[in-house]
Protein chains: 2
Amino acid sequence: MEHFPHTPPNLTKNQSMVMAALLKANGPLSAYTILDQLRSKGLRAPLQVYRALDKLVEYGMAHRLESMNAFVACRHPDGESESMVAFTICESCGEVTEISNDGFDRQLHKLAGGAGFNVKKSTVELFGQCEACA
Amino acid sequence: MEHFPHTPPNLTKNQSMVMAALLKANGPLSAYTILDQLRSKGLRAPLQVYRALDKLVEYGMAHRLESMNAFVACRHPDGESESMVAFTICESCGEVTEISNDGFDRQLHKLAGGAGFNVKKSTVELFGQCEACA
DNA sequence: CTGAAGATGTTATGTTATAACAATTAATAA
DNA sequence: TTATTAATTGTTATAACATAACATCTTCAG
């Protein structure tokens, strides 16, 4: 399937169902939670979910939270950069938010570049307390 | 057991064995790889390794790489900050290095702070190519 | 239409991590 | 020292996360 960055392709049946589950959720979902939610719609095996998730992440429509083994729909606010994505994860209420920032992205590349490292992809996950819980 | 930050406590038998395995390794090790290496020394179950790793991470003597489900001995260069730790992970050769930087740490807190988020702990893992592989 | 690529369905298995409980060892205080 | 408590250990079982391998079906460009 052909597509351009940030112009989401037409999703297949399984991809659509998984994306819908992520969008409906108020927070991160594990692959197995998604599977359970979609059993009633015909999904039966983890691989069906993982394959859809792989594509959604590839298309930039979803993100994987490495520290939680979970997935979220991409929700970065309009106008923000596409470059880097960071997540805040509230240890009290579990809320996850997405932040993206050009300046920070440049800093990050510069920091790594100083050590001769060329950054292609980054995982930034911040744990602490959200405004409401503080 | 009582201890102060960055003054490593006396390690227990299992903790010492696991720490030695991490120090001897040239890269990240999974808990199960560590277990296999230490079977000859009497370890038998994953929990023995995971419990030791938990303590070593708590003491700041080891880090968990979230994106790899693996662990490394802490090796940040002397003189660098203790505050934040980032890792570069070379997709070609697998080399993992540890970076720490005060300015970046402040930026990161500031970025999150702008969204009302108070950062307690951060995971920063950068994928790309190391100098040798570029 | 047809061939190639992508997506799906399915079974089995591999990998990572923790629950629960009993036993032992180490640190502390009376 | 000895009683008390906290930390660590050992063990079995199981939970949670992820992929291998292979057959089939759909899509779509040529």
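Lettering follows sequence order; numbering is per chain, from 1.
Contact between the side-chain N/O atoms of A:Asn14 and the OP1/OP2 oxygens of C:dG9 is found at a separation under 4.0 Å. The shortest distance between the side-chain N/O atoms of B:Arg44 and the OP1/OP2 oxygens of D:dT11 is below 4.0 Å. An OP1 or OP2 oxygen of C:dT8 is reached within less than 4.0 angstrom by no side-chain nitrogen or oxygen of A:Gln48. The shortest distance between the side-chain N/O atoms of B:Lys13 and the OP1/OP2 oxygens of D:dT9 is not below 4.0 Å.
Atom CD of A:Glu91 has more than 12 neighbouring heavy atoms from other residues, nucleotides or ligands inside a 6.0 Å radius. Atom NZ of A:Lys110 has 12 or fewer neighbouring heavy atoms from other residues, nucleotides or ligands inside a 6.0 Å radius.
For the pair B:Ala134 and B:Gln129, the tightest heavy-atom approach, listed with the atom from each and the gap, is CA-OE1, 3.8 Å.
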Listed pairs, N/O of protein and of nucleotides 22-25 of chain C, under 3.5 Å:
none

For nucleotides 14-21 of chain C, tabulate all protein N/O to nucleotide N/O atom pairs closer than 3.5 Å, reporting atom names and distance.
residue, atom, partner, partner atom, Å
C:dA17, OP1, B:Arg64, NH1, 3.1
C:dA17, OP1, B:Arg64, NH2, 2.2
C:dA17, OP1, B:Asn69, OD1, 3.4
C:dA17, OP2, B:Tyr50, OH, 2.8
C:dA17, O5', B:Tyr50, OH, 3.4
C:dA17, N7, B:Tyr32, OH, 2.6
C:dA17, N6, B:Tyr32, OH, 3.3

Listed pairs under 3.5 Å, donor-acceptor, residues 21-35 of chain B side chains, sequence neighbours left out:
residue, atom, partner, partner atom, Å
B:Ser30, OG, B:Tyr32, N, 3.4
B:Ser30, OG, B:Thr33, N, 3.0
B:Ser30, OG, B:Thr33, OG1, 2.9

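Summary of helix geometry: the two end axes of the helix from C:dC1-D:dG30 to C:dA30-D:dT1, each defined by five base pairs via their C1' atoms, are inclined to each other by 40° (rounded to 10°).
Taking the salt bridge (Lys or Arg N to Asp or Glu O under 4.0 Å) definition, one finds that A:Glu66 meets it with A:Arg64, sequence neighbours left out. Evaluation of the salt bridge (Lys or Arg N to Asp or Glu O under 4.0 Å) rule for B:Asp36 yields B:Arg39 as partners, not counting sequence neighbours.
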